[in-house]
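Input: a single structure, listed below in structure tokens.
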Amino acid sequence: MSSPCTALIFQLSGCLVDFGARTLPVALQRLHPECTPSNLVGTPQQTLDAWLGKPASAAQLQALQQTLSEVAGAHTKLTLGAAHLLQTLHANGTPCAWLDDLPADASLRLAEMLPTPIEAVLARQARPWPAPDSCWQALSQLEVERLDGCIVVSGNPLLLQAGLNAGCWTIGLAACGPLCGYALADWQALGASDQEHLRAEATLQLYRLGVHSVIDHLGEIEASLDDIGVRRGKGEKP
């Protein structure tokens, strides 16, 4: 697979590792099992506030950060297609970076299983997604000279919106990100009709956002990269 792109920015959780982006919800369930699950798309602090139904205290936020680091160790398994894709991109010399909105300790723990060197973007001073700051920081760290052909890959609507705001192409992941939210074994145990219902809802939400292509997981990315390459060749801009 040749790479018809300038650079790729991946979310870590729910994209490269941790199918279903389970690290955050598992940490929340461990700390606050009495609460009803709420929206899991947002920063850990935003998600904790929504989970509790009120602003979290400093002690509760600190406990979440510690628990995320502990939980991350159990979610380092690569997602479908991630190993082959990263090895191919590394062989091609395509600049790649990962970023996440989890605390740095948890993110670095998740990244321990990545099979090839890939730039880590720990955007401590960046505004949270959907602000484009962390995407631009990633491209800066990669020393990318032009925005044309840069692609953001994630299942998180906020990061995909940040990628759009940054002027990047975007590829959304329907099945392995937080919108479906199932660990791989649980996802595979679902019936075909349940899978299709969840996949369709996630896909529709991502396309409504303006994402350029939507796939289930990284094992299906080649066709999307080729399509973006063709669209760029015709002069189309993101």
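Keep in mind that this is a model prediction, so the values were computed, not measured.
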Do any N or O atoms from the side chain of Glu220 and from the backbone of Asp216 form a donor-acceptor pair under 3.5 angstrom? yes

Residues 136-144, side-chain donor-acceptor partners within the protein, below 3.5 Å, at least two apart:
residue, atom, partner, partner atom, Å
Trp136, NE1, Ala166, O, 3.1
Gln137, NE2, Gln141, OE1, 3.2
Gln141, NE2, Glu119, OE2, 3.0
Gln141, NE2, Ala120, O, 3.1

Hey, does the side chain of Thr79 reach the backbone of Leu16 with a donor-acceptor pair shorter than 3.5 angstrom? yes

Does a side-chain heavy-atom distance below 4.5 Å link Val153 with Ile9? no

Please answer: with hydrophobic residues joined when any side-chain heavy atoms are less than 4.5 Å apart, are Phe10 and Ile228 in the same cluster? yes

Which atom of Thr6 lies closest to which atom of Thr94, heavy atoms considered: O-CG2, 4.4 Å

Nearest heavy-atom neighbours spanning Cys15 and Leu218: O-CD1, 3.4 Å

Applying the side-chain contact (heavy atoms from CB on, under 4.5 Å) test to Gln11, which of Val152, Val17, Asp101 qualifies? Asp101

Can a donor-acceptor pair be found, under 3.5 Å and without considering hydrogens, that links the side chain of Asn165 to the backbone of Ala131? no

Test your reading of the model: is there a side-chain donor-acceptor pair from Gln60 to the backbone of Ser57, 3.5 Å cut-off? yes

Is there side-chain contact between Leu12 and Leu114, with heavy atoms separated by less than 4.5 Å? yes

Might you confirm whether atom CD of Glu112 has over 12 heavy atoms from other residues, nucleotides or ligands at distances under 6.0 Å? yes

For Arg22 and Pro178, indicate whether the former's side chain and the latter's backbone hold a donor-acceptor pair under 3.5 Å. no

Hey, are Asp105 and Arg109 close enough for a salt bridge, meaning a charged N less than 4.0 Å from a carboxylate O? no

Check the pair Asp18 / Lys77 against salt bridge (charged side-chain N to carboxylate O under 4.0 Å, His left out), numbers first and verdict last. CA-CA 6 Å; Asp18 188 11; Lys77 186 175 181 180; over 6 Å; no

Non-hydrogen atoms of Leu99 and Cys135 that approach each other most closely: CD2-N, 4.3 Å

Does any part of the side chain of Leu209, heavy atoms only, come nearer than 4.5 Å to the side chain of Gln161, both counted from C-beta? yes

Taking all non-hydrogen atoms of both residues into account, name the closest pair between Trp98 and Leu122 and its distance. CH2-CD2, 4.0 Å

Quick check: are there more than 12 heavy atoms from other residues, nucleotides or ligands sitting under 6.0 Å from CD of Gln62? no

Decide side-chain contact (heavy atoms from CB on, under 4.5 Å) for Leu179 and Leu206; before the verdict, give the C-alpha distance in whole Å, the side-chain angles of both, and the deciding distance to 0.1 Å. CA-CA 9 Å; Leu179 293 183; Leu206 294 175; 3.9 Å; yes

Quick check: closest heavy atoms across Trp51 and His32, and the distance to 0.1 Å? NE1-O, 3.2 Å

Applying side-chain hydrogen bond (donor to acceptor under 3.5 Å, both in side chains), run through Asp49 and Gln45 and close with a yes or a no. CA-CA 6 Å; Asp49 291 346; Gln45 181 169 356; 4.6 Å; no

Atom pairs and distances, donor-acceptor, side-chain atoms in residues 182-191, under 3.5 Å, two or more places apart:
none

Could you pull out all residues at least two apart from His217 that satisfy ring-ring contact (aromatic ring centres under 6.0 Å, His included)? none

